Structure formats: C-alpha cells, structure tokens
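To start, the structure itself, in structure tokens.
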There are 2 protein chains.
Amino acid sequence: MEKDLGALVMGLGRRLIAMEQPILARHGVSMWGYVVLTALRDNPMRTQAALAASINADKTRLIPVLDELQRRGLIEREPDPRDRRVRLLGLTPDGRDLQQRVQTDIRKDEKSLMSEMSDEEQAAFRRHLEKLS
Amino acid sequence: MEKDLGALVMGLGRRLIAMEQPILARHGVSMWGYVVLTALRDNPMRTQAALAASINADKTRLIPVLDELQRRGLIEREPDPRDRRVRLLGLTPDGRDLQQRVQTDIRKDEKSLMSEMSDEEQAAFRRHLEKLS
DNA sequence: TATTGTTATACTCTATAACTATA
DNA sequence: TATAGTTATAGAGTATAACAATA
C-alpha cells in the first residue's frame, strides 16, 4: 500500500512546522517574519513586490509583516531617492542577529530529526529535495 | 547559503499540489475527497472521528466532503445497527475505481518528476521521507 | 498612462461551541 | 451522563479590487 509522495511530503511538512513553532515563539517572530528575514539575508531587495515573489507570497499579505519587523528595528525599509515609489529593503544588524539565532536553533532540531541517517544519506536527501523543490 | 529543510519541503509540497490539481479537477474530486477515498481504501473505518484523526483533519470539516462523496455514490456511510450513533464508512466499487484512476495518474506525474533520479535513488528518497513523516 | 505600495473588502479554510440523537 | 455526528458561528489566512503616490 504505497503512499503518494504528496502525503509523505505533507506529513514531513507538518512535522517540521510543529518543530519550528516553539523556536519561533521563543524568539518572538512569526513564520512569515522568519521567512522574510531569511530572504533578505540572502539578498537585499529593491521592491516589496520582488521580495513577495521570491518567497511565493502575495505582496499585500507581506505588509503587516514588514510593518512589524520595521517597528522592532529588524529591517530597513526606506524609499529609494531615485524612485520614491519603491522601498529599499535590507536587514539591520539586529535583524541579521535574530535571523542567525533562529536559524541556528532550527538547524539543531533538523539535525536531530535526521540523526538516524548517515551523513552521506542526509546530503543525498537534501540534494534531491533541492532538485525537486 | 544552505536553505532550511522546511523551505525545501514547502517548495516540493507546492509543486506537488500544483501537479495534482489538474488531475483532481479532471476526475472531479477535491483534494480532501481524494484523501478520504485513499484513507478508506487502506482501511474502512468505524467512525467519522477515527477517519478524521487518521488524516489529520477536523471531524467537522470532513462532513461536507463525506456528504459529497456519498451523494455521488463513492462511499458507503450507514449507521451501525449495534450503535446507531456511529457511521460505518467504506468505499463503493465506484469509489474504489475512482481512487484507483486518480492515483494512477498522480503516480505517473510523480514518476516523471523524479525521472532524473535512478531507481535506487528514488527508493532511498521515498524511504527517508517515510521515516521522517 | 503605468507602477509601487497601501488599504478595504470579500472569500476560503479551519476551529469552537452549541445542538441532536443515541447510548 | 457521555459519545458520534451535525450545524452554526466566528476566527485566521489569503486573495481581489480599489486607492494614493510617484514616475
């Protein structure tokens, strides 16, 4: 009775979310907040729309997230002087620190989740996930 | 800049959903409808609550799904004569056929998705997913 | 006129609580 | 009184459309 790939992936997704939730709560950041911080660490963005597209989010539902992150001093978000319609986005030092701390905690849990696999198996699994996603 | 496991899994999940949606639409069944049919094929259930628990769903949000499947003659859903509070659930022959057809189509797409991996790699990937999910 | 960001609105999904029917 | 199922309601999350500012 072989399960669909979809069911397996959904199961793992649920498990990872359950794992990450206490970590995110401990650091006082939402899932979307963390996703945004991570995206901006990887590359600063010139527009909110580009950021939204890069994380498969709607631009409108990002706005409350950005408001909150900015209010807490975790991101910079200033109008581009050369085109004042766009908002230049980037992490503040505090934002970079927080992203790093959350990611470290998440990595630790992921590592223990996969601890039954050998290092080579873990690498292959990650590699396949990257190719498929 | 290594990505979180969560991001990779979510990406694959989105991709699989996008892949399955046209198939489900073609067969006129919803995602939850297919999940229910698959769960009942694997083992008939004595109560709706047990079915809900087995697929990580709330029992209340299953009811419209069961109504629809029953209306279309895809499931049986009759009160247990020995305790008329509970509904015995199972597939009709039509339901079993439909589940089989949808699953065959989904398997075909999954196979092409993973076609760049060798048979052994595919098996290992599935095995790891099963262990982790 | 076109584009970025924002706000307002509606829609979907899900969960909570109240109700019924059986036991 | 307790349990299975159902219905009604409310809440969260998301998307759509209208709007304001700038080009």
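Only this structure's heavy atoms are used, side chains among them; waters, hydrogens and symmetry mates stay out. As the structure is a prediction and not an experimental result, all values here were calculated from the model.
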Is it true that the side chains of A:Thr104 and A:Gln100 contain a donor and an acceptor less than 3.5 Å apart?
yes

For atom CE of A:Met31 and atom P of D:dG13, their distance in whole Å:
11 Å

Where do B:Arg84 and B:Pro79 come nearest, in terms of heavy atoms and distance?
O-CB, 4.0 Å

With a 4.0 Å heavy-atom cut-off, tell me which residues in residues 59-89 of chain A come close to DNA chain C, sorted by residue number.
A:Lys59, A:Thr60, A:Ile63, A:Arg77, A:Arg85, A:Val86, A:Arg87

Which of residues 39-50 of chain A sit near DNA chain C, with a heavy atom under 4.0 Å from it?
A:Thr47, A:Gln48, A:Ala49

Can you tell me if A:Thr60 and A:Asp58 form a side-chain donor-acceptor pair at under 3.5 Å?
yes

Is any side-chain heavy atom of B:Gln103 less than 4.5 Å from a side-chain heavy atom of B:Tyr34?
yes

Carboxylate-amine/guanidinium proximity below 4.0 Å for A:Asp4 and B:Arg107:
yes

Here the distance between atom P of C:dT4 and atom CG of A:Asp58, to the nearest Å, is 14 Å

Ignoring backbone atoms, test whether B:Trp32 places a side-chain nitrogen or oxygen under 4.0 Å from the OP1 or OP2 oxygen of C:dT12.
no

CD1 of A:Ile17 versus P of C:dT14: gap in Å, rounded?
13 Å

Using 4.0 Å as the upper bound for N to carboxylate O, is an ion pair formed by B:Lys3 and A:Glu130?
no

If the threshold is 4.0 Å, N to carboxylate O, is there a salt bridge linking B:Arg77 and B:Asp67?
yes

Whether the side chain of A:Thr92 engages the backbone of A:Gly73 through a donor-acceptor N/O pair (distance < 3.5 Å, no angle test) should be reported.
yes

